[in-house]
Amino acid sequence: MATGINDLKAQVHTVSGFSALVDQEDLLAFVAGIESKPGEVRLVHGDASAKRALQQELMSQLALERVLVVK
């Protein structure tokens, strides 16, 4: 019988001094600067084609395996 309670294994990080008005190069540099390589990146904001382009760059340039484009 399901209880509706799930174990979550997540962390919350605060990012300060970072503007939402950045380009792809800035976003790639930001992710590359993360101390330990993220297991997953979710792209949730922006034009669909821009998110797909960033997804490809994150996977090819930074060798990230899980980059999800959220609609």
Side-chain angles (χ1 to χ4, degrees):
M1 182 171 173
T3 63
I5 298 174
N6 296 309
D7 289 334
L8 296 178
K9 294 181 174 88
Q11 297 175 346
V12 175
H13 297 273
T14 300
V15 179
S16 60
F18 192 71
S19 171
L21 302 173
V22 297
D23 61 13
Q24 186 180 84
E25 184 179 322
D26 292 326
L27 292 170
L28 288 168
F30 174 77
V31 176
I34 296 173
E35 189 172 316
S36 59
K37 182 176 163 181
E40 179 176 291
V41 172
R42 294 180 183 216
L43 305 174
V44 299
H45 182 73
D47 179 70
S49 63
K51 289 190 289 188
R52 284 192 302 275
L54 180 57
Q55 176 190 42
Q56 291 303 311
E57 293 302 316
L58 287 166
M59 294 173 76
S60 66
Q61 288 188 30
L62 304 181
L64 297 179
E65 295 179 14
R66 289 188 48 93
V67 180
L68 307 176
V69 173
V70 180
K71 293 182 180 182

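Positions are given from 1, in the same order as the sequence printed here.
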- Message: Minimum heavy-atom separation for V67 and Q55, please, with both atom names.
- Response: O-NE2, 2.7 Å
- Got a sec, which pairs hit salt bridge (charged side-chain N to carboxylate O under 4.0 Å, His left out) with one end in residues 49-64, sequence neighbours left out? none
- Query: Are L27 and V31 close enough that some pair of their side-chain heavy atoms sits under 4.5 Å apart?
  - Reply: no
- Message: Taking side chain to side chain contact (heavy atoms under 4.5 Å, CB included) as the definition, give me every residue that meets it alongside R66, ordered by chain and number, with sequence neighbours left out.
- Response: E40, L68
- Message: Rounded at 0.5 Å granularity, tell me how far CD in Q24 sits from CD in Q56.
- Response: 10.5 Å
- Would you give the length of the straight line joining atom CG of L28 to atom CG of L64, rounded to the nearest 0.5 angstrom? 9.5 Å
